[in-house]
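Presented below is the structure to which this report refers.
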Amino acid sequence: MPTVEELYRNYGILADATETAGQHKDAYQVILDGVKGGAKEKRLAAQFIPKFFKHFPELADSAINAQLDLCEDEDVSIRRQAIKELPQFATGDNLPRVADILTQLLQSDDSAEFNLVNNALLSIFKMDAKGTLGGLFSQILQGEDIVRERAIKFLSTKLKTLPEEVLTKEVEELILTESKKVLEDVTGEEFVLFMKILSGLKSLQTVSGRQQLVELVAEQADLEQTFNPSDPDCVDRLLQCTRQAVPLFSKNVHSTRFVTYFCEHVLPNLSSLTSPVEGLDIQLEVLKLLAEMSSFCGDMEKLESNLKKLFDKLLEYMPLPPEEAENGENAGSEEPKLQFSYVECLLYSFHQLGRKLPDFLTSKLNAEKLKDFKIRLQYFARGLQVYIRQLRLALQGKTGEALKTEENKIKVVALKITNNINVLIKDLFHIPPSYKSTVTLSWKPVQKADAGQKRTSEDTTSSSPPKKAPAGPKRDARQIYNPPSGKYSSNLGSFSYEQRGGFRGGRGRGWGGRGNRSRGRIY
């Protein structure tokens, strides 16, 4: 084993030789042997080996392996020095291998070391993006779980920091191609990260790019398979996929396939859904997703059938007035509970799809069913007006900090919900029913309306009763005496439970097991 003095002497020989250093193979071999010495010798070897690496292509494997030994040394300062110099080995055919090595080194628990690995990866990314991606995806597909996890997170956080000259169209195409391979077997959390990676690519910002992403999500959601509402993994997969698809939908990228699946398979099983996360109102989350998607539904093959399913589900949450007893009081002991959050979602979805078949209520329903629906609408509208007045009174004069209390936040959202329902019910009471009003769903940020939309946006926040009351049932129908008690959700946040750890049981459940992979160093 060479001493410190011998290492310096051979370093001098190579440094003095400049461009003819390759003629002094013995001197470089001495430096390579420095990795077998003590701490001082190793630190010098970590700096000297990469400095003259390019002059000895025939010793490339030996040099890289020697540096790798130093990257795994027990002394953290030696490891850090060796990792810092690794990009100097990333030349020609060696680059994918160096990328593979650096990806494996992401498993380090030392923060300084981990940052060095990240910086080194970014450095070689700028030299050769495609070669670096080869090393990263190799480990994502075949590496250990911790390496796979950190490599995916590296891509999801660092790709967006790279300049356009690095992320060329060809590079982005490679990312998409390799990502598709990975998506054949992922956990829910991994799927969310890959959607973040892909949706950030410039080449996928176009309509056709968005459509590609929607197709990817639809494939992951497995919309061809039978839906099992009692399997939390099955429910989880559908909700996480749909949540990723929703931001991609637009007037040019339609949600038809997802809306159809929800109407045909999910709505009929709404009450039997098994929540994948404790404390989540799974039924409300499903209805919120359906409502968000319904705005971008294109031409639907079985529109009337699916609209009927949606209508039937809406009726479940719009009760008839309680029976009237002979003495004029309610015969029942309790008023029906009005679930405003559910009704907002269902009524909005029905209103959106109803635009595509505007005569559904008048010609597709028989007269008795239409009469029944109007009674339910009027009963709900009366209770709604009471709640709107109560909420306005409770919030009157409150501004700034006062509106930020938890109780008042709930009331503000409740007022949005009830106002939305009020606008939609007014539309359906027109003769014939109208589908012209526009509302912003209570959990979505309010969009700034342009001049052409001003009148509509004013309608959405109005809580005053219409100048002319909608035509209600005649005296032979059940009379409403007391406003019903109401229920609206205090679950104010948007759907975000995928942040809690992805799919149940990790890889191997829900979205398939990944099989056995090799362990240990596979440089």
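None of the values given here were measured: they were computed from a predicted structure.
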Query - Evaluation steps, side chain to side chain contact (heavy atoms under 4.5 Å, CB included), between L395 and V412 - result: CA-CA 8 Å; L395 294 170; V412 169; 4.1 Å; yes
Query raised in the report: Step by step, would you call N10 with E6 a side-chain hydrogen bond (donor to acceptor under 3.5 Å, both in side chains)?
Result: CA-CA 6 Å; N10 285 280; E6 288 174 311; over 6 Å; no
Please check: side-chain N/O of [X] versus main-chain N/O of [Y], any donor-acceptor pairing under 3.5 Å?
X    : Y    : result
S250 : V253 : yes
E41  : G38  : yes
T168 : E165 : no
N419 : L415 : yes
Q205 : S199 : yes

Requested in this report: Kindly determine whether L238 and Y261 satisfy side chain to side chain contact (heavy atoms under 4.5 Å, CB included), including the steps that lead there.
Outcome: CA-CA 10 Å; L238 179 64; Y261 190 85; 4.0 Å; yes
Are the side chains of [Y] and [X] in contact, using a 4.5 Å heavy-atom criterion?
X    : Y    : answer
F258 : V214 : yes
T260 : K302 : no
V192 : Q244 : yes
L106 : N118 : yes

Report task. Carefully, step by step, assess T103 and V117 under the rule side chain to side chain contact (heavy atoms under 4.5 Å, CB included). Result -> CA-CA 8 Å; T103 305; V117 175; over 6 Å; no
Query - Verdict with supporting geometry, E172 and K169, salt bridge (Lys or Arg N to Asp or Glu O under 4.0 Å) - result: CA-CA 5 Å; E172 290 196 346; K169 187 178 179 183; over 6 Å; no
Could you tell me the separation between the [atom1] atom of [X] and the [atom2] atom of [Y], rounded to the nearest 0.5 Å?
X    : Y    : atom1 : atom2 : result
I13  : I31  : CD1   : CD1   : 8.5 Å
K54  : K51  : NZ    : NZ    : 8.5 Å
L216 : S179 : CG    : OG    : 8.5 Å
M195 : E190 : CE    : CD    : 14.5 Å
I282 : L270 : CD1   : CG    : 9.0 Å
L310 : Q352 : CG    : CD    : 11.0 Å

By side chain to side chain donor-acceptor pair (under 3.5 Å), which residues pair with [X], not counting sequence neighbours?
X    : value
E407 : K411
S156 : none
K444 : E292
K309 : S305

Query raised in the report: For Y348, which of S294, S442, S295 qualifies under side-chain hydrogen bond (donor to acceptor under 3.5 Å, both in side chains)?
Result: S295
Query - Ring centers of F48, Y28 separated by less than 6.0 Å - result: no
Between [X] and [Y], what is the shortest heavy-atom contact and its length?
X    : Y    : result
I49  : V35  : CD1-CG1, 3.8 Å
R237 : A221 : CD-O, 3.8 Å
F56  : A21  : CZ-O, 3.2 Å
L7   : V30  : CD2-O, 3.8 Å
P50  : Q67  : CD-OE1, 3.8 Å
V266 : V286 : CG1-CG1, 3.6 Å

Checking [X] now: which residues fulfil salt bridge (charged side-chain N to carboxylate O under 4.0 Å, His left out) with it, not counting sequence neighbours?
X    : value
K202 : E164
E19  : none
R210 : none
K130 : E170

Under the ring-ring contact (aromatic ring centres under 6.0 Å, His included) rule, collect the residues that match up with [X], sequence neighbours excluded.
X    : answer
F262 : none
H55  : none
F52  : Y11
F53  : F89

Query raised in the report: Given F137 and L174, is the side chain to side chain contact (heavy atoms under 4.5 Å, CB included) satisfied, shown in steps?
Result: CA-CA 10 Å; F137 276 103; L174 177 63; over 6 Å; no
Query - Intermediate values then yes/no, salt bridge (Lys or Arg N to Asp or Glu O under 4.0 Å), D109 and R150 - result: CA-CA 11 Å; D109 292 323; R150 292 188 179 178; 3.4 Å; yes
Query raised in the report: Do other residues, nucleotides or ligands put more than 12 heavy atoms under 6.0 Å from E58 CD?
Result: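 Counting neighbours around CD of E58, more than 12 heavy atoms of other residues, nucleotides or ligands fall under 6.0 Å, so yes.
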Query raised in the report: Is the number of heavy atoms from other residues, nucleotides or ligands under 6.0 Å of E219 CD greater than 12?
Result: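 No.
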[X] side chain to [Y] side chain, donor-acceptor N/O pair below 3.5 angstrom:
X    : Y    : answer
E85  : Q88  : yes
D110 : S108 : no
D75  : S77  : yes

Report task. Dump the intermediate steps for salt bridge (Lys or Arg N to Asp or Glu O under 4.0 Å) on D299 and K356, then the final yes or no. Result -> CA-CA 8 Å; D299 295 333; K356 301 177 181 299; 5.1 Å; no
Query raised in the report: What do the steps show when you test E285 against R243 for salt bridge (Lys or Arg N to Asp or Glu O under 4.0 Å), and what is the final call?
Result: CA-CA 10 Å; E285 293 303 336; R243 180 46 62 183; 5.1 Å; no
